[in-house]
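The structure appears below as structure tokens.
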Amino acid sequence: MHPVRVSIPSFRSENNSMEKGFTVFKIDVLMNGRQHTVEKRYSEFHALHKMLKKSIKPPEMPSKHVRNWVPKVLEQRRQGLEFYLQTIIMENEVLPKIFLDFLNIRHFPSVPKTESCGSFDTESEESSKLSHQPVMLFLRDPYLLPSAHDTFSNVVIEGVIHGVFYPDLQPRAFSCDWTSTTYLY
């Protein structure tokens, strides 16, 4: 299963007084569990195709010239463009930067599309180069207990650690020891 999935569920016609009408294709992009939508005209697909030909052998594009703009013909074009994008994903181990830009996907150099942090296959040198981006930064070690002079524990850090490492546990009940806690007013 690839972490990048695309579909083109719909299209719409746009009419503009400045230029002749055109069709906009809605592209749903799902990557690592996050979905977003981009809208592209056929001319943008065509420009992508020309750029991709410089680095990879892309699949055939649906015909540029359409004789009539009836919904059935536009539906065939939608299906063809969807197949075009899906074929690029399936046939390329590393997706070109221009393709990721087209889909508005942040790209990290040298990260293959199939694994964001490498593979557990130890025979491959590529898989031993783990690559990841920082998720959060702590000013001090969150696993250490608060120092004795801290009057209030850091509930944000506790909440994050609880949510990340113990998501199935119920939150602990709040108890207050009035004799040893100092409150500042």
Side-chain angles (χ1 to χ4, degrees), residues 1-121 124-137 159-160 163-164 167:
M1 178 196 289
H2 302 289
V4 178
R5 291 187 176 188
V6 295
S7 65
I8 302 179
S10 63
F11 58 88
R12 72 175 192 283
S13 296
E14 291 281 327
N15 292 314
N16 187 335
S17 61
M18 301 296 284
E19 57 184 317
K20 68 179 190 175
F22 56 89
T23 302
V24 177
F25 296 91
K26 176 184 171 190
I27 307 168
D28 286 341
V29 181
L30 179 66
M31 181 168 177
N32 296 329
R34 294 187 181 262
Q35 182 174 346
H36 68 277
T37 300
V38 292
E39 292 186 335
K40 301 289 183 178
R41 295 173 59 171
Y42 181 87
S43 59
E44 294 172 284
F45 279 92
H46 191 260
L48 170 69
H49 185 71
K50 286 175 32 176
M51 297 287 284
L52 286 174
K53 288 199 307 189
K54 296 176 184 177
S55 60
I56 64 170
K57 184 179 184 299
E60 291 295 317
M61 283 272 298
S63 175
K64 182 174 182 174
H65 302 288
V66 177
R67 294 186 186 179
N68 58 24
W69 295 97
V70 296
K72 183 177 180 180
V73 173
L74 291 174
E75 174 60 20
Q76 289 173 339
R77 180 176 265 192
R78 181 203 65 78
Q79 290 173 357
L81 292 172
E82 182 177 76
F83 181 75
Y84 175 80
L85 294 176
Q86 291 171 349
T87 303
I88 291 171
I89 292 169
M90 295 302 287
E91 291 183 352
N92 293 282
E93 183 62 30
V94 176
L95 297 173
K97 178 185 180 308
I98 188 74
F99 184 75
L100 297 174
D101 288 343
F102 180 81
L103 296 174
N104 291 346
I105 296 175
R106 286 187 67 188
H107 43 84
F108 302 105
S110 77
V111 176
K113 69 168 181 174
T114 54
E115 298 282 338
S116 63
C117 60
S119 165
F120 292 111
D121 177 14
S124 167
E125 184 179 327
E126 282 294 315
S127 67
S128 65
K129 297 177 184 175
L130 297 179
S131 174
H132 58 85
Q133 298 298 317
V135 176
M136 63 180 79
L137 172 70
V160 170
V164 170

Check residues 36-45 and write down every donor-acceptor pair under 3.5 Å in which the side-chain atom is one partner and the other belongs to a residue at least two apart or another chain.
{"residue": "H36", "atom": "NE2", "partner": "L103", "partner atom": "O", "Å": "2.7"}
{"residue": "H36", "atom": "NE2", "partner": "N104", "partner atom": "O", "Å": "3.4"}
{"residue": "T37", "atom": "OG1", "partner": "D28", "partner atom": "OD1", "Å": "3.0"}
{"residue": "E39", "atom": "OE1", "partner": "R12", "partner atom": "NH1", "Å": "3.0"}
{"residue": "E39", "atom": "OE1", "partner": "R12", "partner atom": "NH2", "Å": "3.2"}
{"residue": "E39", "atom": "OE2", "partner": "R12", "partner atom": "NH1", "Å": "2.7"}
{"residue": "K40", "atom": "NZ", "partner": "F102", "partner atom": "O", "Å": "3.3"}
{"residue": "Y42", "atom": "OH", "partner": "P62", "partner atom": "O", "Å": "2.5"}
{"residue": "Y42", "atom": "OH", "partner": "K64", "partner atom": "N", "Å": "3.4"}
{"residue": "E44", "atom": "OE1", "partner": "R41", "partner atom": "N", "Å": "2.7"}

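Not counting sequence neighbours, the partners of T23 by the side-chain contact (heavy atoms from CB on, under 4.5 Å) test are F11, S13, F25, W69, L74.
When side chains are defined from C-beta on, L81 counts as touching M61, because their heavy atoms get closer than 4.5 Å. In this structure, the side chains of L85 and F99 come closer than 4.5 Å at one or more pairs of heavy atoms.
For the atom pair CE (M31) and CG (L100), the distance works out to 7.0 Å, reported to the nearest 0.5 Å. Taken to the nearest 0.5 Å, the CG atom of N92 stands 7.0 Å off from the CD1 atom of I88.
Listed by first and then second residue, the side chain to side chain donor-acceptor pair (under 3.5 Å) pairs involving residues 73-85 are H49-Y84, E75-R78, E75-Q79 (not counting sequence neighbours). Applying the salt bridge (charged side-chain N to carboxylate O under 4.0 Å, His left out) test to every pair with at least one member in residues 45-56, sequence neighbours left out, gives no pairs at all.
Between R5 and the choices I89, L30, V29, the side chain to side chain contact (heavy atoms under 4.5 Å, CB included) rule is met once, by L30.
Of the possible polar contacts, none joining the Q86 side chain to the S7 backbone as a donor-acceptor pair under 3.5 Å is found.
Other residues, nucleotides and ligands place no more than 12 heavy atoms under 6.0 Å from the CE atom of M51. Around atom CZ of F83, no more than 12 heavy atoms belonging to other residues, nucleotides or ligands sit under 6.0 Å away. Within a 6.0 Å sphere centred on CD of Q35, other residues, nucleotides and ligands contribute more than 12 heavy atoms.
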